[in-house]
Amino acid sequence: MQNLSRRTENFSDSTIRRMTRIAAGYDAINLSQGFPDFPPPAELMQAMERVSHQPEYQQYAVLAGSPLLTAAIARKCSRFMGIDIPQEDVTMTCGSTEAMTSAIMAITDIGDTVVVFNPYYENYIAESRLCGAKALYVDLNRDSTFSLDAEKLEDALRQHPKALILNNPSNPCGKVFTYEELKTIAELVRKYDVYVITDETYEHIVYAPNRHTYFASLPGMYERTICCSSLSKSYSITGWRLGYTIARPEITDRIRKVHDFFTIGASHPLQVAAVTGLEMPQSYYDDLIRKYTAKRELLCSGLETLGLNPIWPQGSYFVMCDISSFGYESDMDFCVDMIEKVGVAAVPCSIFYNSPENRFIRFHFAKLDETLYAALDRLERIRILKK
Ligand code: GLN
């Protein structure tokens, strides 16, 4: 028989989801794959119930997504980004994963390159490969804020990439790009004529005094930016698979063509139910960040006490810990041992680097306080992993 595709030949399954499967086999507390174990806002659950009785929402939505939701996203994003977002620039997708893939496909041809900051969210590499594009890596500095090295970025941009992926706040390292860094990126992408594809999934999970700036809101940047985001984390509905792109009409037109043939559309009833989330008042977002600030404090200070050396994130609900003092050569072996012998699951960070890097593991803290306390309790035994 003929060979299967070269495009998929070197794909592994998602290590993040693999850790969840291994954790389940050992009944470990799962702080690997990032999703909440607490319920979404009650208003969203009620909206879902209401919509389930409305037959008009049980068939396909229009290609761009339910106009009720795209209008709500345009309103909400205009408010948060401080720029006027026309509803016509919004396209609903199946999670930000489809948003990113459609954006990459709308911009790149086979053989084009896409700049990715190192460490990166593992999906970007697979998404680029599916589009036939290659990643060009730019290391963030190895300091506690993963600061930007403008020279390294410029070196990469000199190689004529088509686009740059900007994950802000970043998964896995929790970096929030400063305004100054974003301005530097803006100057460089203008100079080298590069598109920017943002992933701003964690836009509402940013810890004071850090502040999130939407890249598209920088002067002149809207026209070369495809903003991708998701409702998963802002409203604790990862299973609803709702994401979106925002881009000027010429780019949106291409994204919709890809979207049409990939998935046709995201779930129509869930889109309608999600409008309730987008209409939440400011107090909802204040409350969300208050909750995550407390969870970050709880887990990170606990990890610190246990000698797990957390690098406190500036945003997102992930924290990277330095495990080099445990004497393991492989972070994967460490994570598997931690599941089996300690009963807590994390993600080996080697999957987020393109260079050999076995020093870090990633925990997430989108969990009930009691789950985090139980995990810390189990982690008291972490010393048994010392070699
Ligand atoms: N974004 C989440 C994480 O990084 C979930 C990813 C996934 O399911 N692969 O953990």
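Start at 1 and go down the list; that is how both ligands and their atoms are numbered. In this chain, residues are counted from 1 in sequence order.
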Asks: Within 45° of the ring axis of Tyr207 and under 6.0 Å from its six-membered ring centre, is that where the NZ or CZ of Arg296 lies?
Replies: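 Yes, a cation-pi geometry.
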Asks: Can you see whether Gln33 engages Thr20 through a side-chain donor-acceptor pair at a distance of less than 3.5 angstrom?
Replies: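 A donor-acceptor contact under 3.5 Å links the two side chains.
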Asks: Are Leu166 and Val206 connected in a single hydrophobic cluster, I mean Ile/Leu/Val/Met/Phe/Trp/Tyr linked by side-chain heavy atoms less than 4.5 Å apart?
Replies: no
Asks: Honestly curious: do Tyr60 and Tyr57 fall in one hydrophobic cluster under the side-chain, below-4.5 Å linking rule?
Replies: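 Not linked; separate clusters.
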Asks: Taking only heavy atoms of Lys233, which atoms of ligand 1 are found under 4.0 Å from at least one of them?
Replies: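 Under 4.0 Å from Lys233, ligand 1 has these atoms: 1 (N), 2 (C).
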Asks: Using a strict 4.0 Å cut-off to heavy atoms of Ser14, name the atoms of ligand 1 that fall inside it.
Replies: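 By the 4.0 Å cutoff, the relevant atoms are 9 (N).
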Asks: Would you mind checking which non-hydrogen protein atom is closest to atom 4 (O) of ligand 1, with the distance to 0.1 Å?
Replies: Asn171 ND2, 2.8 Å
Asks: Taking C-beta and beyond as the side chain, do Met45 and Pro40 meet within less than 4.5 Å on heavy atoms?
Replies: yes
Asks: Any N or O on Asn123 sitting closer than 3.5 Å to an N or O of ligand 1?
Replies: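 No, there is no polar N/O contact under 3.5 Å.
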Asks: Suppose we measure from atom 6 (C) of ligand 1 to each protein heavy atom; which comes out shortest, and what is that distance?
Replies: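 Result for atom 6 (C) of ligand 1: Tyr121 OH, 3.2 Å.
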Asks: How close do Cys349 and Met320 get, counting heavy atoms only, and between which atoms?
Replies: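 Nearest pair, atom of Cys349 first, then Met320: SG-CG, 3.8 Å.
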Asks: Could you grab the distance from atom CD of Glu180 to atom OG of Ser147, nearest 0.5 Å is fine?
Replies: 13.5 Å
Asks: Can Tyr202 be said to touch ligand 1, with heavy atoms closer than 4.0 Å?
Replies: yes
Asks: At what distance is the nearest protein heavy atom to atom 8 (O) of ligand 1, and which residue and atom is it?
Replies: Gln33 NE2, 2.7 Å
Asks: What do we get for Phe35 next to ligand 1 when only non-hydrogen atoms under 4.0 Å count, side chain, backbone, both or neither?
Replies: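 Within the 4.0 Å criterion, Phe35 makes no contact with ligand 1.
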Asks: Considering the heavy atoms of Gly34, write down every atom of ligand 1 situated less than 4.0 Å from one of them.
Replies: 2 (C), 3 (C), 10 (O)
Asks: Identify the protein heavy atom lying closest to atom 7 (C) of ligand 1, giving its residue, its atom name and the separation to 0.1 Å.
Replies: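 Ranking protein heavy atoms by distance from atom 7 (C) of ligand 1, first comes Arg17 NH1, 3.1 Å.
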Asks: Report the part of Arg18 in contact with ligand 1, treating N, CA, C, O as backbone and CB onward as side chain, heavy atoms under 4.0 Å; options are side chain, backbone, both, neither.
Replies: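 Answer for Arg18: neither.
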Asks: Parallel, tilted or perpendicular for Tyr353 and Phe360, by the 30°/60° rule?
Replies: parallel
Asks: With heavy-atom distances below 4.0 Å as the criterion, list the atoms of ligand 1 near Arg362.
Replies: 3 (C), 4 (O), 10 (O)
